[in-house]
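A, B, ... follow the sequence lines: proteins, then strands. Residue 1 opens every chain.
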Number of protein chains: 2
Amino acid sequence: MASATIRDVARAADVSVASVSRVLNNHANVHPDMRERVRAAIEALGYVPHAGARSLSLARTQAIGVVLPDLHGEFFSEIVRGMDRAVTPAGYHLLLSNMHADADLAAQALRTMRGRVDGLIVMAPHLTADALEAALPRGLPTVMLNTVPSGDRAGIRVDNAAGIRAAVAHLAATGRRAPVHIAGPAGNVDAVARRDAFTAAMRDYFPDAPVEIVDGDFFEEAGLAAVATLIAAGTNFDAIVAANDMMAFGALQALRDAGRQVPAQVAVTGFDDVPLSRYLGLTTAHVPLVDMGSRAIDRLLALISPGAKGARDPDLIIPELIVRRSSGAPETF
Amino acid sequence: MASATIRDVARAADVSVASVSRVLNNHANVHPDMRERVRAAIEALGYVPHAGARSLSLARTQAIGVVLPDLHGEFFSEIVRGMDRAVTPAGYHLLLSNMHADADLAAQALRTMRGRVDGLIVMAPHLTADALEAALPRGLPTVMLNTVPSGDRAGIRVDNAAGIRAAVAHLAATGRRAPVHIAGPAGNVDAVARRDAFTAAMRDYFPDAPVEIVDGDFFEEAGLAAVATLIAAGTNFDAIVAANDMMAFGALQALRDAGRQVPAQVAVTGFDDVPLSRYLGLTTAHVPLVDMGSRAIDRLLALISPGAKGARDPDLIIPELIVRRSSGAPETF
DNA sequence: CAGGTCTACGTAACCGGTTACATGGTTCGG
DNA sequence: CCGAACCATGTAACCGGTTACGTAGACCTG
């Protein structure tokens, strides 16, 4: 019992397919009687239009593709949630796709979106501009999120330097002497920018202190490991600037396990302000994740709709430092 | 500069579209020369196959639709993450769609999936079986998640009663005298099941205590409000069994604000075990969210693939109570 | 009442792929 | 040397919608 098609409906109502289509799409100039006959036939057959076929002939899918490296942690969840929020009222759907680190597979993932979506949101902080530009299907409106600016594509980015600088400045202002940085993965644009920003900020705010940086990978365990490394090496530090919140959580845990008081002995800051940070009282550079998601969709929809082509200067989001108890604010939670 | 089509490629390589198609799909019986010519043309034109057109003729979209009430909080995020995990290696995509509470809109959301996906995962704890059955497109393989069992559809459900019972039993075993329940929204199957289970468990474990229940809606604020209500009413309680984790978090916060010690004066339990619970030390009924997501996909893919029709008995997931410090376990985090 | 408009509807081409079937050319066994 | 079997390829129908275009009849208008 395959589903009924528009031709089945036409036959049942004894009209042409064109008329059925007109009724379905509420076109003008259809006689009320006809409308009624068709509606009855649709009802009787339980007909539901085939979105795929419709997409093909209209060249519009009402779907937008979201390609991201991984769906792990609150970071991505929040962004996707923001997208979802913006996409639903506009009558679009979200098509999720994971892009692996491997450039070839990434290209593959991007290609399979052709003909499936009306536009693309790409989050690829781990790809180089070249690899990305080579992989992006031509003629498909695209908005890049936290990705190396490629060509003249529309994009939304976080001002990594501003976030790190604010954290370091805050630590200096509250009397810390020796901050260290737990960095993100080497190939990641954001991670690199934050690392560089840390070095620069240290020069400005702690000109006499050595710049100590431990490698990480944005996951919680890396935060744990980094603190273990620091302690094992006997490094002197009284503040940790983690490249993201998850690693900061790991660091908090490790510090607690090691018996170091936070914030009395060590201040900790993160980056992103995922929801969890509020609960754990983590000082962090707030990135409006949900908002970024919605905004990316809005940008993309604007690109898609009429002949719009303008406003392709990338939005830059300036994170605001939220001071919580992990860096010495009075106990509030 | 519209994208090239398969006919453009055929023309450029001076072969027929059938041959191009054969090369694209690695069919046997194509001469190496031909293969090479076609590959060259594809390369030259930057041709990328149109997935939509392919779907139409193959009647397979390689996408599966996920319809859920809302994308809020870790609960859904985790489940979606699990789905994503399972779907990617199988070469499928996830198409997200939000279903509003309104039954008509819900039906609408389900209908628009026709022709867009090969199967559906529906999470609709807030719909009645009738409304749902009426809205589900016929002939589309469907797996229901935490939804009233409708017809003979495949489904995966959490044993709400077991989870609540375990929590209540635990409270009894650790010497609590007067637990109260913060319930979920009225129309929600899970919420209702948990509420009923609480009443039943109270009868068994606290036969002499009154059954106190405060209404909530699964959101954090409801937990806050519920505690405020209890305190304002002067209700006597030394344990709170929240219908989900988010409300438990709200309760924890409100208790702290009111100066009541957790767990010394009041024990708190949740339901779901979202990641946050581990961080906040909440005792809760663990539901393998990521796993549920993957499993739902696996079930669905099994339904889709050959002529498989069997195994439609709904999986029942028995939550395991994870005891953490909110209910009196020794401080561990 | 002839000719022009307008309305309501049907016919058929088209969107971009896949594939059943047909066809011309080789190879091979008898 | 002939027909069968096989191989590589082309032709055209099909998937399920949309819509440009054509047309028959109703309605005006002078």
Side-chain angles (χ1 to χ4, degrees), chain A residues 2-39 41-42 45-63 111-118 137 139-140, chain B residues 2-39 41-42 45-63 111-118 137 139-140:
Chain A
S3 305
T5 76
I6 198 176
R7 289 174 225 267
D8 296 329
V9 175
R11 201 170 310 126
D14 195 33
V15 300
S16 75
V17 293
S19 294
V20 177
S21 179
R22 281 190 275 258
V23 170
L24 284 172
N25 298 293
N26 289 314
H27 279 202
N29 296 344
V30 275
H31 195 93
D33 293 356
M34 154 85 65
R35 200 180 296 277
E36 198 36 54
R37 278 234 303 283
V38 172
R39 286 214 188 293
I42 287 175
L45 295 177
Y47 169 73
V48 179
H50 189 286
R54 184 157 208 271
S55 294
L56 182 56
S57 81
L58 289 180
R60 278 188 308 117
T61 62
Q62 298 293 107
R111 291 195 193 301
T112 58
M113 296 304 240
R114 154 100 210 275
R116 227 185 257 289
V117 300
D118 296 338
L140 199 55
Chain B
S3 306
T5 76
I6 198 176
R7 292 177 220 266
D8 295 330
V9 174
R11 201 171 309 126
D14 195 32
V15 300
S16 75
V17 292
S19 295
V20 177
S21 180
R22 282 189 274 258
V23 170
L24 282 172
N25 298 293
N26 289 315
H27 278 203
N29 297 344
V30 275
H31 194 92
D33 293 357
M34 156 84 68
R35 200 181 297 278
E36 198 35 54
R37 278 236 301 284
V38 172
R39 285 214 190 292
I42 287 175
L45 294 177
Y47 168 74
V48 179
H50 189 286
R54 184 156 209 271
S55 294
L56 182 57
S57 82
L58 289 180
R60 278 188 309 117
T61 62
Q62 298 293 106
R111 290 194 194 302
T112 58
M113 295 305 241
R114 156 99 210 275
R116 227 184 257 288
V117 300
D118 296 338
L140 198 55

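- Dashed line: the shortest gap from a side-chain N or O of A:N29 to OP1 or OP2 of C:dT7 is not under 4.0 Å.
- In this structure, A:M34 atom CE and C:dT7 atom C1' are separated by 12 Å, rounded to whole Å.
- Taking only side-chain nitrogens and oxygens, A:S21 never comes nearer than 4.0 Å to OP1 or OP2 of D:dG17.
- With D:dG17, D:dG10, C:dG17 as the choices, the nucleotide that has an atom nearest any side-chain atom of B:S16 turns out to be D:dG10.
- Taking the side chain of B:R7 as heavy atoms from C-beta on, and the options D:dT9, C:dG17, D:dG16, the nearest nucleotide is C:dG17.
- Considering only side-chain N and O atoms, B:N25 lies under 4.0 angstrom from the phosphate OP1 or OP2 of C:dT18.
- Which of C:dG16, D:dT19, D:dT18 sits closest to the side chain of A:I6 comes down to D:dT18.
- Within the structure, every side-chain polar atom (N or O) of B:T5 is placed at least 4.0 Å from both OP1 and OP2 of C:dC15.
- Considering only the side chain of A:H50, D:dG17 comes nearest among D:dC15, C:dG17, D:dG17.
- Put simply, CZ on B:R22 is 14 Å from P on C:dC21, counting in whole angstrom units.
- Look at CZ on B:R114: it is 7 Å from P on D:dG16, rounded to the nearest Å.
- If you take CZ of B:R37 and C1' of D:dA8, they are 12 Å apart, rounded to a whole angstrom.
- Taking atom CZ of A:R11 as the reference point, atom P of D:dG17 lies 12 Å away to the nearest angstrom.
- The interatomic distance linking B:L56 (CG) with C:dC14 (P) rounds to 17 Å, in whole Å.
- Remark: A:D33 CG is packed, more than 12 non-hydrogen atoms of other residues, nucleotides or ligands lying under 6.0 Å away.
- A donor-acceptor pair under 3.5 Å is formed between the side chain of A:R116 and the backbone N or O of B:T61.
- The phosphate of D:dG16 has neither OP1 nor OP2 within less than 4.0 Å of any side-chain N or O from A:S57.
- Heavy-atom distances to DNA chain C give each of A:R35 and A:V17 a nearest nucleotide, and the one nearer the 5′ end belongs to A:R35.
- Each of B:L58 and B:H31 was matched to the nucleotide of DNA chain D holding its nearest heavy atom; the match closer to the 5' end belongs to B:H31.
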